[in-house]
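Only this structure's heavy atoms are used, side chains among them; waters, hydrogens and symmetry mates stay out. Computed from a prediction, not measured in an experiment: that's the story for all the values here. When a ligand or atom number is given, it counts from 1 through the structure's own listing order.
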Amino acid sequence: MQRTKSKSAFEKAKTLVPGGVNSPARAFGGVGGTPIFIDHASGPHLFDIDGNKYVDFIGSWGPMILGHAHPKVVHAIQNTAVKGSSFGAPTEMESQMAELIISMVPSIEMVRMVNSGTEATMSALRLARGFTGRDLIIKFAGCYHGHVDSLLVQAGSAATTLGVPSSPGVPKGCTADTLVLRYNDIEELKHTFLKMGDKIACVILEPVVGNMGLIPPAAEFLKELRNLTRQFGAVLILDEVMTGFRLSAGGAQQLLGIEPDLTALGKIVGGGLPVGAYGGKKEIMAKVMPSGPVYQAGTLSGNPLAMAAGIATLLELKQNPPYEKLEKYAQRLEDGLHKIAQSLNIPHVINRVGSMWTFFFTAGPVTDYDTAKKSDTKMFSKFFWAMMDRGVYLPCSQFEAAFNSITHDEAIMDFTLNAAREALAEISS
Ligand code: HOZ
């Protein structure tokens, strides 16, 4: 497969943009080689500037649950753009978006729009601290909540891929109040709350982790987490930037039956445009300025184009829930991959919840950051490129989740399985 145009576009970009990319996760640091540059996309497919076609399992890292360039989303953006793209003044679309979110996500009674998932988690943290009057926060190793200073400790996603456990430029003081615990470890959680529960402002986590590869929570872990945060008056923040509107219409919280105090949203809520949101109990949200004292603001927050794309996406998910179909085809893919890997004696674990999944090159099980890091990343890189050569674009790191869209139907899954059969045979021989 020729990728000469992408290669030279990358060489040029590197002279203009740090590392040639506007976000490290897309630089192929975890698999070597150079990224492909995209020309356009449609449904489940990406087309690069060399004219190659790929089945896309990144979906812009989550937002594209309806597939690329869904007609309803495209029309919504076009119809809105002609009326002006930003006013710095309120619109009725912002209330329409808030109503939709509140109607879909069980725990959200009030919501504030922001411009990215990072902004959403950052603002939720500040609010939790302002609300409780406490400073300590708990996060879990391998969970990634965007590039918020105080959360960039043992973060997953590109921070793992590139072997950067933290980042220069984050002052020690910023992370001094961040406690990092092991995901799915109930005993450590209990011990920490018993020792310092009255100082803990909040716990933030991905209810189903996507940023160390896909890792589901143990049911008991979430239950205990909710009990302890209630008992000690700490705010429970679910980072549903990836899982929101994806694992069910009401996100992971609805699927798993856990009720957070605050939820951070992003990705799908913007339908492919840059959007985030945070919301939760009225009692807490009312503390946000201007109704309360906790400052948070944004020139482009609630931007009409982003609202249009997000509303069109959420309406489609609400009116035509695709979750059974997503499950059916994802199951088909999982079963097929498992059979192929087994027949080739390749040690592997496939973790999957709904339309999010990861194929780990380890005998497993993979339940936390340490067990995820046992994966054979060299094998993953070989697999990634063998799949690319067969027209399948997987997440470019062992420590990221793959995302299916509603356009990933039976034919697409079978195409992917045929590619995987050849790719896995090639790399294991
Ligand atoms: N959370 C996404 C990856 N895990 C974001 C992608 C990015 O960092 O560019």
Side-chain angles (χ1 to χ4, degrees), residues 10 13 17-31 35-38 46 56-65 114-122 124 139-149 151-167 183 204-215 237-247 251-252 263-278 351 353 355-360 369 372-373 375 377 380 384 393-405:
F10 188 51
V17 179
V21 288
N22 280 309
S23 190
R26 61 184 81 153
F28 282 26
V31 288
I36 52 166
F37 276 54
I38 308 304
L46 287 178
D56 178 21
F57 281 99
I58 297 186
S60 189
W61 302 98
M64 311 316 298
I65 191 166
V114 291
N115 301 291
S116 68
T118 294
E119 265 191 64
T121 57
M122 180 182 77
K139 84 172 281 282
F140 295 94
C143 281
Y144 175 73
H145 306 288
H147 59 96
V148 180
D149 276 353
L151 296 174
L152 219 44
V153 195
Q154 292 191 47
S157 191
T160 297
T161 305
L162 305 177
V164 185
S166 181
S167 167
Y183 196 78
I204 184 165
L205 78 158
E206 299 178 71
V208 171
V209 190
N211 283 296
M212 39 181 155
L214 195 283
I215 298 189
I237 306 173
L238 291 190
D239 177 345
E240 293 232 45
V241 169
M242 282 184 171
T243 54
F245 311 106
R246 174 167 284 280
L247 298 187
T263 302
L265 296 167
K267 302 198 191 268
I268 289 176
V269 79
L273 271 75
V275 185
Y278 66 105
N351 278 351
V353 180
S355 57
M356 290 173 71
W357 56 277
T358 300
F359 186 107
F360 291 98
Y369 199 33
K373 282 194 293 185
S375 301
T377 51
F380 179 82
F384 172 83
Y393 185 71
L394 295 172
C396 45
S397 160
Q398 175 70 97
F399 306 108
E400 299 282 4
F403 298 92
N404 307 345
S405 79

Which ligand 1 atoms, with their elements, are less than 4.0 angstrom from a heavy-atom of [X]?
X      : value
Ser23  : 7 (C), 8 (O), 9 (O)
Lys267 : 1 (N), 2 (C), 5 (C)
Glu400 : 3 (C), 4 (N)

Nitrogen or oxygen of [X] less than 3.5 angstrom from that of ligand 1:
X      : answer
Arg26  : no
Trp61  : no
Asn211 : yes

_Side-chain heavy atoms of Gln398 within contact of Lys373, under 4.5 Å_ =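 They are not in side-chain contact.
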*Below 4.5 Å, heavy atoms only, C-beta onward: do Tyr183 and Ile215 meet side chain to side chain?*
yes
Side-chain donor or acceptor of [X] paired with backbone N/O of [Y] under 3.5 Å:
X      : Y      : result
Thr118 : His147 : yes
Glu206 : Tyr144 : yes
Arg246 : Met356 : no

*Parallel, tilted or perpendicular, as decided by the 30° and 60° cut-offs, for the rings of Tyr393 and Phe28*: tilted
*Please state which part of His145 comes within less than 4.0 Å of ligand 1, counting heavy atoms only: side chain, backbone, both or neither.*
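None of His145 does.
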